[in-house]
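Taking it in order: structure first as structure tokens, then the write-up.
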Amino acid sequence: MATHDVKALSVIRLSVRTDETTSPGRQRTANEESARGIGAEIVGEAEDLDVSASKTTPFERPQLGAWLADPASYDAILWWRLDRAVRSMADMHALAKWARDHHKMLVFAEGPGGRLVLDFRNPLDIMSELLVTLLAFAAQMEAQAIKERVTSATAALRLMPLRCRGARPPYGYEPVPMPEGGGYTLAPDPEAVAVVERIIRELVDGTAVSAIAVALNEEGIPSPRDHWALKRGRSTGGKTGGRHYDAGTEVERFRWGAPPSRRSSPRRRCSAIKCTKALRSVTRRGAPSWRRINPC
């Protein structure tokens with residue numbers, strides 16, 4: 001196969017997407033330069049954003065998985081760096097086996113020593129197999145080091161009074177800067193608190209949880225997940241799961257939904273009354289002490 005006849009798939013992956021993210025564009029540019037370097041033509045792109053390589057294999061990612069299931073239209077796959085493709089030896093070996101079975105090239109635009117081309121079109125090229133093993137080991141060690149750093153930092157934050165760990169807060173709160181500086185704490189979110197107060201009032205008045213959820217959806221009030229996405233400047237919706245949706249589909253907005261059982265039980269009404277008292281305490285003191293209400 002002549003080099004100029006190579007058709008390539010450009011792959012973009014990002015674990016966390018924000019408005020400030022520039023990585024997708026940087027990855028795309030690196031892949032385009034890599035394609036020119038090997039004389040290939042990019043015929044498609046698989047862009048998986050908000051997708052972790054530590055939690056999903058290449059075959060499980062929405063866009064890349066579809067391309068891997070239909071390998072006839074390209075000869076090479078381009079990534080910016082190895083960690084955009086895999087984070088474990090097992091995933092790397094599975095990807096290498098797929099490339100060997102389908103006679104593909106795996107190309108990484110940047111890394112130790114520059115561009116790395118693993119050509120599995122030649123079944124006798126054992127150097128590609130050796131490099132795969134070494135690089136996969138390095139990727140797995142890096143992933144483990146990142147996990148340990150995050151775990152250690154989270155444990156340290158738990159020991160700091162009133163510190164927010166940075167994850168999505170319970171519905172009804174929002175992160176605000178600490179008065180003394182040095183991080184964030186949680187404070188009541190006025191918009192979400194108004195919704196929670198409404199839910200509690202209607203529960204105490206005897207309205208069924210399912211009826212409350214229907215009304216919130218009809219009025220277009222964002223669900224907790226969408227509310228947080230909007231506050232972060234992100235688009236609503238995303239991948240679905242659970243009993244309200246077909247798992248794995250994409251939706252533009254998430255819906256409010258009633259819990260699966262005890263929708264109108266006395267115990268739930270008792271809990272609602274307790275939450276009302278706690279919420280009043282919060283609005284007076286501004287302290288993050290009331291229990292999370294998770295209607296969806």
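Small disclaimer: the values here were computed from a predicted structure and weren't measured. All values below were derived from every heavy atom in this structure, side-chain atoms included, with hydrogens, water molecules and symmetry-related copies excluded.
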Would the distance check show the side chain of [X] and the main-chain N or O of [Y] forming a donor-acceptor pair, the cut-off being under 3.5 Å?
X: S223; Y: F254; answer: yes
X: T29; Y: G25; answer: yes
X: D91; Y: P58; answer: no
X: R13; Y: V51; answer: yes
X: K104; Y: Y74; answer: yes
X: D119; Y: R121; answer: yes
X: D75; Y: V6; answer: no

With sequence neighbours left out, what residues match W80 under ring pair (Phe, Tyr, Trp, His ring centres under 6.0 Å)?
none
Co-membership, hydrophobic cluster, residues [X] and [Y], 4.5 Å side-chain:
X: V204; Y: V209; value: yes
X: V214; Y: I200; value: no
X: L230; Y: L49; value: no
X: M92; Y: F59; value: yes

Give the intermediate values and the outcome of side chain to side chain contact (heavy atoms under 4.5 Å, CB included) for residues E33 and R115.
CA-CA 10 Å; E33 294 177 355; R115 183 186 306 121; 5.7 Å; no
Could you check whether any side-chain heavy atom of [X] comes within less than 4.5 Å of a side-chain heavy atom of [Y], counting everything from C-beta outward?
X: E110; Y: S34; value: no
X: R168; Y: R225; value: yes
X: L186; Y: P170; value: yes
X: D48; Y: T56; value: no
X: R198; Y: L216; value: yes
X: L118; Y: F108; value: yes
X: W79; Y: L106; value: yes

Looking at [atom1] of [X] and [atom2] of [Y], how far apart are the two atoms once the value is rounded to the nearest 0.5 Å?
X: I77; Y: N31; atom1: CD1; atom2: CG; value: 11.0 Å
X: R87; Y: L82; atom1: CZ; atom2: CG; value: 8.5 Å
X: E174; Y: D189; atom1: CD; atom2: CG; value: 4.0 Å
X: F120; Y: W98; atom1: CZ; atom2: CH2; value: 10.5 Å
X: L64; Y: I12; atom1: CG; atom2: CD1; value: 11.0 Å

Please check if the number of heavy atoms outside E252 that lie under 6.0 Å from its CD is greater than 12.
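At most 12 heavy atoms, drawn from other residues, nucleotides or ligands, come within 6.0 Å of this atom.
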Heavy-atom closest contact ([X] atom, [Y] atom, distance):
X: L9; Y: A46; value: CD1-N, 3.9 Å
X: G220; Y: R253; value: O-NH2, 3.5 Å
X: V176; Y: A187; value: CG2-CB, 3.9 Å
X: A40; Y: A8; value: CB-CB, 4.1 Å

Begin from the C-alpha positions of W256 and I212 and carry the test side chain to side chain contact (heavy atoms under 4.5 Å, CB included) through to its verdict.
CA-CA 9 Å; W256 293 85; I212 297 174; over 6 Å; no
Picking from Q27, R61, Q63, R28, what satisfies side-chain hydrogen bond (donor to acceptor under 3.5 Å, both in side chains) with E47?
R28
Decide yes or no on side chain to side chain contact (heavy atoms under 4.5 Å, CB included) for S73 and W67, but give the supporting numbers first.
CA-CA 9 Å; S73 60; W67 281 95; 3.6 Å; yes
Give the C-alpha distance, both sets of side-chain angles, the deciding distance and a yes or no for side chain to side chain contact (heavy atoms under 4.5 Å, CB included) between R84 and V11.
CA-CA 8 Å; R84 300 301 92 195; V11 180; over 6 Å; no
